[in-house]
K.L.:
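What follows is a single structure, and I will ask about it in a moment.
All values below come from the heavy atoms of this structure, side chains included, with hydrogens, waters and symmetry mates left out. Since the model is a prediction, treat every value here as computed from it, not as a measurement.
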Amino acid sequence: MSIFRPLFPLGILGALSAVASSAVAVDTSQWKCESCPFEKAGTSGTVDIGAGYVTGDSAKFGDYTGLNQKGGYLIADGDVSYRGDGGLYGSVRAHNLGLDSRSLAAEVGQEGLYTLNVGYVEIPHDLSDTARTPFLGAGSGQLSLPAGFPAPSTAGMPLASTLQPVNLGFKRTRTDGGVSFDLGQDWSVGFNLRRDRRDGTQLMGGSFFSTASQLVAPVDQVTDQLELSTAYSSHRLQATLAYQLSLFHNNTDSLTWANPFTPLVNGGNTGQLALAPDNKFQQIIATAGYDISSHFRASGELAIGQMTQDAGFLAPTLNPDLAVTLPALPAQSLHGRVNTSHVSLRLSAVPLDALRVNMAFTRDARDNRTRSQSYPAVETDTFPGSFLGLPSPVNQPFSFTQERLKIDADYSGLGALRPSAGVEENRIQRTLQDVATTLESTVWGKINLRAREDLSLSLKVAHAARTQSAYSVPTWVDPPENPIASNFNMADRLRDTVGLRADFTAAQNVTLGLAADLAADNYEHSSIGLNKDHNADLSVDLAVAISDQTQFLLFAETEYSWASQMGSQVFAQPDWSGSNRDSVDMVGLGLKHVMLNNKLKLSADLTMSRSRSDVLVNAMVASPPFPTATTWLASLRLQANYQLRDNLSLIGNFWHENYDANDWRLADLSPSTVPNLLAFGMQPPHYHVSVLQVALRYRF
């Protein structure tokens, strides 16, 4: 993008005004350059101060927005920048300071010398506000039970008097900062730090052989990242060298819970689950780009890293009667070591004025150097593995190498017709998995056609074929897998896609767009597993400039997907089939209007969407179908901006949203519905929430 082009017509106008100045005196004191590329010295910005109100509580509505609770909140936003005559500059940006989704960023620097930046972001992730549990200590690593537990089944538990609501969700807090220095002679160095903290709760499941419970697991994790880098940039060569370090620490390494069901064996009163372990990742990255000539450019990247995990093992069981029968752990920790490497090479060439060719090669490798060891087998703190005939589990050091080659070209020398095409080959080699090697080859072609002055067409087709080496059954899996089963991510597959787009300018102020995308995946050689996965997407969009003051937008889209699979209940040939049919329909309207001599700007946006999901199972016997799962969303947003003075505006926003989900997997499932499952009783989300915002915006 050229930032200097607007100066040309400005220069023409300036010359004409100079010629005419002898005849008519022109007052230029109020003239403004709307397209000048350079900021003027001084301080400028906007500050928004106001209040908002939310009409209802909803975890679903508040997910990521921070608008999860009924009541008022402060609106405090701002964007302030400063630029001095000597090259000193700075900026501060603040958003949603009155909500849990707040962010704050600041930058200060001296042109040609240094740049310093800091940032802070909060992102709430609300999972559910309808969960209930009798467990005490939610949010900690120890869950206990009140009086009246354990019981043989949920029917015998005192749930009516012990269930208490619990909110599931966590907040991610990110704090970062960095500094870079320009050393002159095309060199610069940088130092960046980032801390991500997640704090809250999430859902986990724990079992004792034939009974299970939904548990509130703590989320108390910190990830620290560091990067040191140096860069060189000249007219033809650009290069960087960086060191990156990532440290993950979980302040709670396990979740322990009391068994709410009557234990099947003595000592089976308490269970324990491991949470995400502490780990470390570090790597060195080098990048380079070089302009071989005005028509050829080469670039590449090399990264070498290592992942380690040395967190201490938990005890194999908390059942004291079972612990004395088990052999000792083979080590105190995993001593996990995984080496990683990444190599990429890219070449861009313009051999002819109308022909552009690109080639890229990428190689990613994961070499798992973790030692394989045998561990005591325990079945949910109830039985030793030997009692059930299970072998001792052995950790498997899975590794892979992926190589990908892409070549594409486009030609613009045919007037209104612009063709492009490409090929791609993707080879993955794995160790200790069902398939050692998969090779996928893809060929695609695209045509852009300017059929008429008011009509543009685009067509893209692609065909991909993935083949595998001989399929084998993992010997370390027990009970063994069906030898004719195929994992869809490694099985032979044919993939065909077609995309069509048409843009039509019906009038000077009316544009219409139509698009259709079709995709079909076929797994013809898979006897058991995924057989087909087809998708279709149709969309239309319409934009109308009714007048200089009014613009209208309409869009509609429908998407349909269908997948089928085969299975076996008796470890033999297929004896049942299943299919998933999902559809999503969406329509949206947008309207913008300016009135009162551009002092009042109004806008309205309405979006409605509906989804349906059907699961069909044919088990060769008569059985009722699963109910249809549906969702419905309607969202209306109204905005108004009234300019009180040149530097002061009154802003109003209204947002209303209806959401209704009908999911048979959750609906009417209470904590006591299933005799051997103590569930949360979470219900599909339903809400009708409105948000009203009023604020003053001051510009300076």
K.L.:
Under 3.5 Å, is there a donor-acceptor pair linking the side chains of Ser603 and Gln639?
P.N.:
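Short answer, yes.
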K.L.:
Between Thr607 and Ser635, do the side chains contain an N or O donor and an N or O acceptor separated by less than 3.5 Å?
P.N.:
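No, Ser635 and Thr607 have no side-chain donor paired with an acceptor closer than 3.5 Å.
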K.L.:
Give a yes or no answer on whether the side chain of Ser101 reaches the backbone of Thr65 with a donor-acceptor pair at less than 3.5 Å.
P.N.:
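Yes, the answer is positive, given that a donor and an acceptor are paired below the 3.5 Å cut-off.
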K.L.:
Check whether any side-chain heavy atom of Pro146 lies under 4.5 Å from a side-chain heavy atom of Leu136, and answer yes or no.
P.N.:
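Yes, at least one pair of side-chain atoms sits under 4.5 Å.
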K.L.:
Test side chain to side chain donor-acceptor pair (under 3.5 Å) on Gln683 and Thr130; report intermediate values, then the result.
P.N.:
CA-CA 6 Å; Gln683 297 301 301; Thr130 61; over 6 Å; no
K.L.:
Rounded at 0.5 Å granularity, tell me how far CG in Leu163 sits from OG in Ser670.
P.N.:
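Result: 8.5 Å between the selected atoms.
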K.L.:
I'd like to check the ring pair (Phe, Tyr, Trp, His ring centres under 6.0 Å) partners of Phe61; sequence neighbours left out, ordered by chain and number.
P.N.:
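Checked Phe61 against ring pair (Phe, Tyr, Trp, His ring centres under 6.0 Å); matches are Trp655, Tyr687.
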K.L.:
Taking the six-membered ring for Trp and the full ring for Phe, Tyr or His, determine whether the centres of Phe626 and Trp664 are under 6.0 Å apart.
P.N.:
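Centroid separation for Phe626 and Trp664: below 6.0 Å.
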K.L.:
Can you check side chain to side chain donor-acceptor pair (under 3.5 Å) on Thr287 and Thr240, steps first, answer last?
P.N.:
CA-CA 5 Å; Thr287 67; Thr240 63; 2.3 Å; yes
K.L.:
If you count the non-hydrogen atoms of other residues, nucleotides and ligands that lie under 6.0 Å from CD in Gln164, is the total more than 12?
P.N.:
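It does: Gln164 CD has more than 12 such atoms within range.
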K.L.:
Indicate whether the side chain of His593 and that of Gln549 have a donor and an acceptor atom separated by less than 3.5 Å.
P.N.:
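There is no such pair between these side chains.
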K.L.:
Answer yes if the side chains of Tyr89 and Glu111 hold a donor-acceptor pair under 3.5 Å, and no otherwise.
P.N.:
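Note: Tyr89 and Glu111 side chains miss the donor-acceptor criterion.
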K.L.:
Is it true that a side-chain atom of Asp129 and a backbone atom of Ala59 form a donor plus acceptor pair closer than 3.5 Å?
P.N.:
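It does hold such a pair.
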K.L.:
What about the rings of Tyr64 and His125, do their centers lie closer together than 6.0 Å?
P.N.:
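Yes, the ring of Tyr64 comes within the 6.0 Å limit of the ring of His125, centre to centre.
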